[in-house]
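We name chains A, B, ... by the order of the sequence lines, and we start the count at 1 in each one.
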Amino acid sequence: MHDIAFIRANPEAFDAALARRGAEPVADKLVTLDAKKREATTKVQAAQSRRNEASKAIGQAMAQGDKEKAEALKAEVAEIKASMPEWEESAAAAGAALDDMLARLPNLPAEDVPQGADEEDNVEQHQWGTKRQFDFEPKEHADIGPALGMDFETGAKLSGARFTFLRGDIARLHRALAQFMLDKQTRENGYTECNPPVLVGDDAMYGTDKLPKFAEDSFRTTDDRWLVPTSEVPLTYSVAGEILPDLDQPIRMTAHTLCFRSEAGSAGRDTRGFIRQHQFEKVEMVSICRPEDSEAEHERMTKCAEGILEALDLPYRRMLLCTGDMGFGARKTYDLEVWLPGQGAWREISSCSNTGDFQARRMNARYRPEGEKKTTFVHTLNGSGLAVGRTLVAVMENYQQADGSVAVPEVLAPYMGGVTELGRIS
RNA sequence: GGAGAGGUGGCAGAGUGGUCGAAUGCGCUGCACUCGAAAUGCAGUGUGCGGGUGACCGUACCGUGGGUUCGAAUCCCACCCUCUCCGCCA
């Protein structure tokens, strides 16, 4: 959500920033609606003021037993009241139109976000690790998976396309990855472990900018709740409506949850394999911080995600997303792309975004700076640390061996109960 | 799911149609007293929106949304949430 006061004061700058994302200029329309709303509101308030005054006078007149005066005042109030609905409706209509427009506008990109149309224009920041050399032709995870217990057919039998049934040590490895990530985020990176609901109401989805634009990308329950597309939603929304006392330290939360996405716009993309599922697991990081701290926090968060890949010895590169590839609510995003030798491609495994005060405005999350009377909107950040399913894919492809087995990364040993390699099951 | 009770300011808690944005207590902030602290006294202490350079003014908000009324924290309706008991249940 954007600050209408800012747009009113800087219409050209607003449109220019929006244009970087390929959006049409709207400041003019917004300012007009805003003026309309405020004009009507002022009229309503003036009428209310007169009504309140007269009503008090009626009370006094009644107390003094002056019925005549009271009746005269009542007539006056009736007249005032008659003029109110028109302006009330006008104010409400303009306000609703304004809110609706604002709610559908994406966040403005930060200044250092490169201009671009799509992922082709993202800018690589750095690479880490060395791509493994294989003395055989490395396979894609979807080809080695079935023999190891990654059962796409049973997933499809149960639930349709984009569902997978894991069985045996590969299921355990999947669990081990999640445990490992969560432990690292909590023990080393200072995030508080959370276990939030994954069914949430409209407010939580709206506040974290998943609604109204992306309703068709999420699953809805029959009792009008939403299956979260990411635990960013419950973690971030946990501070909605709050006025936080101080934020000397950012509030850092992490959770390992199921995530659900209908993948409505992705027909035909990544239909094979475990990359794009309707249901997947993710360890999420969320930070709530002061505006002046959010840039540093964004860098820190991205490093926390990178730390997981480094511990697993998975080569990756960090991409700074261009204006055309950034998500709706982000003002700046880093994607981490892991190297998949089977596919011979870099694939997104984490996305860390600074949304600035965009979500905070929607969900009214503020804090009071030390010694100040005014409240300020917080900044919110979210990042994957990491997508568990995709990390499993990366481990499979990077740690595969000539016989189709997969070695277990050393750091996962404490979680694997002595299993050092995934072999064929039965 | 059934029955009952209840949702008021940071917290506790009064208020059941008229200067109520709301008593009182606690907490917090400032000032006074003190060498300092405690105790005490005095003053202040919610949020949004609109207007004004500003002191400030107006307006809305007592779970949420409607309604009745000249006037609603207070009456009516619907919904949400919490608590107690019963039922069911991992």
Side-chain angles (χ1 to χ4, degrees), chain A residues 1-9 30-103 195-207 211 221-226 234 237-248 251 257-258 357 359-378:
Chain A
M1 183 68 84
H2 294 287
D3 180 6
I4 186 64
F6 172 85
I7 299 171
R8 208 188 297 151
L30 293 171
V31 170
T32 304
L33 274 173
D34 177 51
K36 217 169 161 184
K37 175 188 156 190
R38 285 188 303 152
E39 189 205 348
T41 303
T42 303
K43 299 237 173 167
V44 169
Q45 289 190 353
Q48 284 170 331
S49 179
R50 281 187 289 137
R51 184 202 64 193
N52 289 348
E53 215 172 309
S55 288
K56 275 179 188 171
I58 291 172
Q60 282 167 356
M62 302 269 273
Q64 288 162 11
D66 190 344
K67 287 225 167 118
E68 217 170 288
K69 190 176 172 193
E71 288 306 319
L73 284 165
K74 279 192 192 183
E76 191 189 327
V77 173
E79 213 170 295
I80 295 167
K81 276 183 64 174
S83 73
M84 288 173 66
E86 182 194 342
W87 293 110
E88 278 171 351
E89 279 159 34
S90 169
L98 181 64
D99 287 346
D100 187 63
M101 275 187 82
L102 285 172
N195 194 318
V198 294
L199 285 175
V200 300
D202 289 343
D203 293 349
M205 291 286 279
Y206 178 87
L211 290 178
T221 63
T222 53
D223 65 347
D224 295 334
R225 284 178 241 271
W226 299 88
Y237 199 73
S238 67
V239 300
E242 305 278 337
I243 298 176
L244 303 163
D246 68 86
L247 279 174
D248 289 347
I251 297 172
T257 69
L258 282 163
D357 63 7
Q359 293 179 326
R361 277 179 196 286
R362 286 178 164 239
M363 60 185 201
N364 196 26
R366 294 161 294 170
Y367 85 107
R368 202 183 302 278
E370 182 82 35
E372 290 203 26
K373 200 165 152 41
K374 288 293 283 179
T375 57
T376 304
F377 287 109
V378 299

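Closest heavy-atom contact between A:Ala54 and A:Val77: CB-CG2, 3.4 Å. Of all heavy-atom pairs spanning A:Asn364 and A:Phe377, the tightest one is OD1-CE2, 3.9 Å.
Near RNA chain B, meaning a heavy atom under 4.0 Å away, the residues from residues 32-47 of chain A are A:Arg38, A:Thr42, A:Gln45.
Across B:A43 and B:U24, the matching P atoms stand 11 Å from one another, rounded to whole Å. Only the P atoms considered, B:C31 is 22 Å distant from B:G25, to the nearest whole Å. Rounded to the nearest Å, the gap between the P atom of B:U29 and that of B:G46 is 15 Å. When the P atom is used for both B:A60 and B:G6, the distance is 29 Å, rounded to whole Å. Comparing the P positions of B:C89 and B:G4 gives a spacing of 24 Å, expressed to the nearest Å. One C1' atom belongs to B:C33, the other to B:A38, and the distance between them is 12 Å to the nearest Å. B:C75 and B:G18 have their P atoms separated by 11 Å, with the value rounded to a whole Å. A distance of about 28 Å separates the P atoms of B:G66 and B:G15, rounded to the whole Å.
Paired with A:Trp226 under the rule side-chain contact (heavy atoms from CB on, under 4.5 Å), one option of A:Asp202, A:Leu199, A:Thr221 passes, and it is A:Asp202. Checking each of A:Arg8, A:Met1, A:His2 against A:Ile4 for a side-chain contact (heavy atoms from CB on, under 4.5 Å) leaves exactly one that passes, namely A:Arg8.
In this view, A:Glu79 satisfies the side-chain contact (heavy atoms from CB on, under 4.5 Å) rule with no residue, not counting sequence neighbours. For A:Asp3, the side-chain contact (heavy atoms from CB on, under 4.5 Å) test picks out A:Ala5, A:Phe6, A:Arg361, with sequence neighbours left out.
Side-chain contact between A:Gln48 and A:Met84 is present, with at least one heavy-atom pair separated by less than 4.5 Å. Counting heavy atoms from C-beta outward, A:Thr376 and A:Arg366 have side chains that stay 4.5 Å or more apart.
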Report all side-chain donor-acceptor pairs from residues 86-98 of chain A shorter than 3.5 Å, counting only partners two or more places apart or in another chain.
none

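Residue A:Arg366 is in sugar-phosphate contact alone, with no base atom involved, counting any heavy-atom pair closer than 4.0 Å across all strands shown. Among the atoms of the strands shown, none is found under 4.0 Å from any heavy atom of A:Asn364. Using a 4.0 Å heavy-atom criterion, one finds that A:Leu73 contacts no nucleic acid atom at all. Among the atoms of the strands shown, only primed sugar atoms or phosphate atoms (P, OP1, OP2) are found under 4.0 Å from some heavy atom of A:Arg8.
Each of A:Lys74 and A:Lys56 was assigned the nucleotide of RNA chain B with the nearest heavy atom; the assignment lying further toward the 5' end belongs to A:Lys56. Mapping A:Arg50 and A:Ala54 onto RNA chain B by nearest heavy atom places A:Arg50 at the nucleotide closer to the 5' end.
Side-chain atoms of A:Ser49 do not come within 3.5 Å of backbone N or O of A:Gln45 as any donor-acceptor pair. Although no hydrogens or angles enter the test, the distance criterion places no donor-acceptor pair under 3.5 Å between the side chain of A:Arg51 and the main chain of A:Lys81.
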**OP:** Begin from the C-alpha positions of A:Lys56 and A:Asn52 and carry the test side-chain contact (heavy atoms from CB on, under 4.5 Å) through to its verdict.
**Re:** CA-CA 6 Å; A:Lys56 275 179 188 171; A:Asn52 289 348; 5.6 Å; no
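Consecutive pairing runs in RNA chain B reach the stem threshold at B:1-7 with B:80-86, B:10-12 with B:24-26, B:27-32 with B:40-45, B:46-51 with B:56-61, B:63-67 with B:75-79, where a stem means at least three Watson-Crick or G-U wobble pairs with distances under 3.5 Å.
Where RNA chain B meets chain A (any atom under 4.0 Å from a heavy atom), the bounding nucleotides read 5' to 3' are B:G18 to B:G71.
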